[in-house]
Participant: 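Structure in structure tokens, see below.
In each ligand, atom 1 is the first atom listed, and ligand 1 is the first ligand listed. Small disclaimer: the values here were computed from a predicted structure and weren't measured.
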Amino acid sequence: MTIDGKTRTCGLIGNPVEHTLSPVIHNTLADRLGHNMVYVPFLVEEDRVEEAVKGAFALNLLGMNVTVPYKSEVIGSLKEIDSLAEKIGAVNTLVRTEGGYKGYNTDMEGLYRAMDSEGIRIRGEEIILLGAGGAARAVAYLCASKGAAKVYMLNRTKEKAQTVSREVNQAMGSEVIVPMMLEEYGSLPDRQFLAIQGTSVGLSPHVEDVVIADREFYQKIHTGFDLIYSPWETKFMHLVKEGGGKAYNGLKMLLYQGIIAYELWNDVSVSEEDAMIVYDRMKENFI
Ligand code: NAP
């Protein structure tokens, strides 16, 4: 990579950012595709998001990714917001426009591409969604908009699941999302489900944690998708496999949310061949 007077800069704002794999995604793509672009992480302290976005714009940054804990807070600093990101209430990608940044949510489409690449279908499926936080909310929109038959949203705090369900159902004009408490899993219909793990439980270093430990529950899951990718195999994934199902982690979701952001910044379409080269590089850099 040669940095010169024409090099464009993109970056990630969040806290923490030290272990991010996003620079691997974007710098590998820039190398492969011959774009004069560099991507760096920026640690932003609490209450300084607005300043950071203004500063990025003043420094002529082409685009930014936004990670925890600023995906909602950043919305107040945008010039414009994509309608889907607005519905989800979270932005993870800023694209430079005249006078400010436009915010997008590429997490949801990233998950869709990741599932599609593994041959996992949403249309017509009965889905168990664990969690009702920022990520699970986006997943609920994805499932509803891609034609899921039913989504049982199980969360520790039922009010949160109720709020998210109401909002998504209203936006979609359906009753597809059904809120439940985690402990109510025993009353799920007796059939086979696609299950998406969208809580932060099981994330390193708490690798033995899982929201539902009962092995019976996992007998109902034909495919489990955990949004977590560290550890490589979560306890949730382990239990799904033990119950006879297939299990996937969230690294491909991370890959594709990055690829979609890269496509927005550089107005290109990234091939599957390049996507897989980036994926291999991410796995090499995986801690
Ligand atoms: P969040 O907004 O903080 O939501 C956390 C969720 O986890 C809530 O549903 C919360 O339930 C639940 N939870 C937390 N501790 C719990 C416990 N001890 N028992 C039961 N439930 C618990 O977080 P988020 O932004 O949605 O992220 C969730 C996960 O998705 C994170 O691990 C993140 O790394 C992952 N993620 C991955 C990608 C990717 O690209 N692969 C992208 C985005 C997020 P309550 O509502 O009851 O608090």
Side-chain angles (χ1 to χ4, degrees), residues 12 14-17 19-22 24-26 65-74 85 88-93 104-115 117-118 128-142 151-165 167-168 177 179-185 195-214 217 224-237 247-261 275 278-279 282-283 286-287:
L12 169 72
N15 189 359
V17 291
H19 298 293
T20 177
L21 284 171
S22 290
V24 176
I25 302 176
H26 296 287
N65 280 139
V66 183
T67 188
V68 176
Y70 303 131
K71 288 185 185 185
S72 297
E73 190 184 334
V74 77
I88 296 169
V91 158
N92 77 323
T93 300
Y104 293 84
N105 185 306
T106 71
D107 281 333
M108 189 175 113
E109 187 61 23
L111 174 62
Y112 185 62
R113 280 207 212 172
M115 291 174 84
S117 83
E118 305 291 7
I128 296 170
L129 172 54
L130 301 173
R137 187 188 162 92
V139 175
Y141 267 106
L142 174 70
V151 180
Y152 299 94
M153 176 179 258
L154 277 63
N155 198 43
R156 175 179 60 178
T157 317
K158 190 165 185 180
E159 298 76 56
K160 240 160 118 180
Q162 283 169 329
T163 306
V164 175
S165 305
E167 285 172 9
V168 178
I177 318 284
M180 292 171 71
M181 296 277 287
L182 274 174
E183 305 83 72
E184 290 174 317
Y185 68 87
I196 301 172
Q197 203 300 112
T199 77
S200 45
V201 177
L203 194 59
S204 282
H206 308 289
V207 298
E208 283 305 314
D209 291 356
V210 63
V211 277
I212 298 172
D214 182 356
F217 169 68
F225 197 108
D226 202 325
L227 302 195
I228 293 174
Y229 52 83
S230 177
W232 183 259
E233 180 173 292
T234 61
K235 180 82 177 188
F236 167 81
M237 291 167 63
Y248 303 87
N249 69 26
L251 195 66
K252 272 201 177 168
M253 174 182 176
L254 184 73
L255 165 75
Y256 285 107
Q257 64 73 33
I259 283 184
I260 299 163
V278 175
Y279 189 54
M282 289 167 83
K283 286 194 276 187
F286 192 76
I287 309 160

Participant: Counting both backbone and side chain atoms, is some N or O of Leu182 under 3.5 Å from an N or O of ligand 1?
Facilitator: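 No, since none of the N or O atoms of Leu182 sits under 3.5 Å from an N or O of ligand 1.
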Participant: Does Asn155 approach ligand 1 within less than 4.0 angstrom via side chain, backbone, both or neither, non-hydrogen atoms only?
Facilitator: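 It is the side chain that gets close, since no backbone atom is under 4.0 Å.
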Participant: Name the option, out of Gln257, Lys71, Arg137, that contains the heavy atom nearest to atom 43 (C) of ligand 1.
Facilitator: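 Residue with the shortest heavy-atom distance to the ligand atom: Lys71.
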Participant: Ligand 1 versus Thr157, non-hydrogen atoms closer than 4.0 Å: side chain, backbone, both, neither?
Facilitator: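 It is both backbone and side chain that touch ligand 1.
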Participant: Please examine the side chains of Ile196 and Leu227, heavy atoms only from C-beta on, and report whether any two atoms are closer than 4.5 Å.
Facilitator: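 Touching, per the 4.5 Å side-chain cut-off.
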Participant: Determine, counting only non-hydrogen atoms of the protein, whether one lies under 4.0 angstrom from atom 7 (O) of ligand 1.
Facilitator: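 Flag for atom 7 (O) of ligand 1 set to true, protein heavy atom closer than 4.0 Å.
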Participant: Less than 3.5 Å between some nitrogen or oxygen of Met253 and one of ligand 1, yes or no?
Facilitator: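 No, Met253 has no N/O under 3.5 Å of an N/O on ligand 1.
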Participant: Got Ile212 and Leu182 here, is their nearest side-chain heavy-atom distance under 4.5 Å?
Facilitator: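 SC-SC contact between Ile212 and Leu182 confirmed.
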Participant: Any heavy-atom pair between the side chains of Asn155 and Val164 that's under 4.5 Å?
Facilitator: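 They are not in side-chain contact.
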Participant: Any idea which part of Leu254 is under 4.0 Å from ligand 1, heavy-atom wise: side chain, backbone, both or neither?
Facilitator: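 Both backbone and side chain of Leu254 come within 4.0 Å of ligand 1.
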Participant: Just to check, does Val211 reach to within less than 4.0 Å of ligand 1 when the distance is taken from its heavy atoms?
Facilitator: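 Contact present.
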Participant: Taking side chain as C-beta onward, heavy atoms only, is Leu21 less than 4.5 Å from Leu251?
Facilitator: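 SC-SC contact between Leu21 and Leu251 confirmed.
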Participant: Atom 18 (N) of ligand 1: which of Glu159, Met108, Arg156 has the nearest heavy atom?
Facilitator: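 Result: the heavy atom closest to atom 18 (N) of ligand 1 is in Arg156.
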Participant: Should Leu203 be counted as touching ligand 1, given the test is an N or O pair under 3.5 Å?
Facilitator: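 No; the residue has no nitrogen or oxygen that sits under 3.5 Å from a nitrogen or oxygen of the ligand.
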Participant: Does any N or O of ligand 1 fall below 3.5 Å from an N or O anywhere on Leu227, backbone included?
Facilitator: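 Yes; the residue has a nitrogen or oxygen that sits under 3.5 Å from a nitrogen or oxygen of the ligand.
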Participant: Counting only heavy atoms on the protein side, is anything nearer than 4.0 Å to atom 4 (O) of ligand 1?
Facilitator: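 Protein heavy atom within 4.0 Å of atom 4 (O) of ligand 1: present.
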Participant: Name the option, out of Ala135, Gly202, Ser204, that contains the heavy atom nearest to atom 25 (O) of ligand 1.
Facilitator: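 The residue whose heavy atom sits nearest atom 25 (O) of ligand 1 is Ala135.
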Participant: Do Phe236 and Ile228 make a side-chain contact, defined as non-hydrogen atoms from C-beta onward lying under 4.5 Å apart?
Facilitator: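 They are not in side-chain contact.
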Participant: Check the orientation of Phe225 and Tyr248. Use parallel for under 30°, tilted for 30 to 60°, and perpendicular for over 60°.
Facilitator: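 Taking Tyr248 first and then Phe225, their aromatic rings lie parallel (interplane angle under 30°).
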Participant: Kindly indicate whether the side chain of Val168, heavy atoms from C-beta on, has any atom under 4.5 Å from the side chain of Val151.
Facilitator: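 Answer no - side chains too far apart.
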Participant: Can you find a pair of side-chain heavy atoms, one from Asn105 and one from Lys71, that are under 4.5 Å apart?
Facilitator: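 They are not in side-chain contact.
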Participant: Does the side chain of Glu109 reach to within under 4.5 Å of the side chain of Tyr256, using non-hydrogen atoms?
Facilitator: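 They are not in contact (no side-chain heavy atoms under 4.5 Å apart), so the answer is no.
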Participant: Are any of the protein's heavy atoms under 4.0 angstrom from atom 33 (C) of ligand 1, yes or no?
Facilitator: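 Within 4.0 Å: no protein heavy atom nearby.
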Participant: Tell me which one of Ala161, Ser22, Ser200, Ala114 gets a heavy atom nearest to atom 14 (C) of ligand 1.
Facilitator: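 Looking at heavy atoms only, the winner is Ser200.
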Participant: Nearest non-hydrogen contact with atom 29 (C) of ligand 1 belongs to which option: Thr67, Thr199, Ile228?
Facilitator: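 The nearest heavy atom belongs to Thr199.
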Participant: Have a look at Val201, Ile212, Leu154, Asp107 and point out the one with the heavy atom closest to atom 15 (N) of ligand 1.
Facilitator: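 Considering heavy atoms of Val201, Ile212, Leu154, Asp107, the nearest to atom 15 (N) of ligand 1 sits in Val201.
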Participant: Under 4.0 Å from a heavy atom of Lys160: give me the atoms of ligand 1 that qualify, with their elements.
Facilitator: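 Answer for ligand 1: 45 (P), 46 (O), 48 (O).
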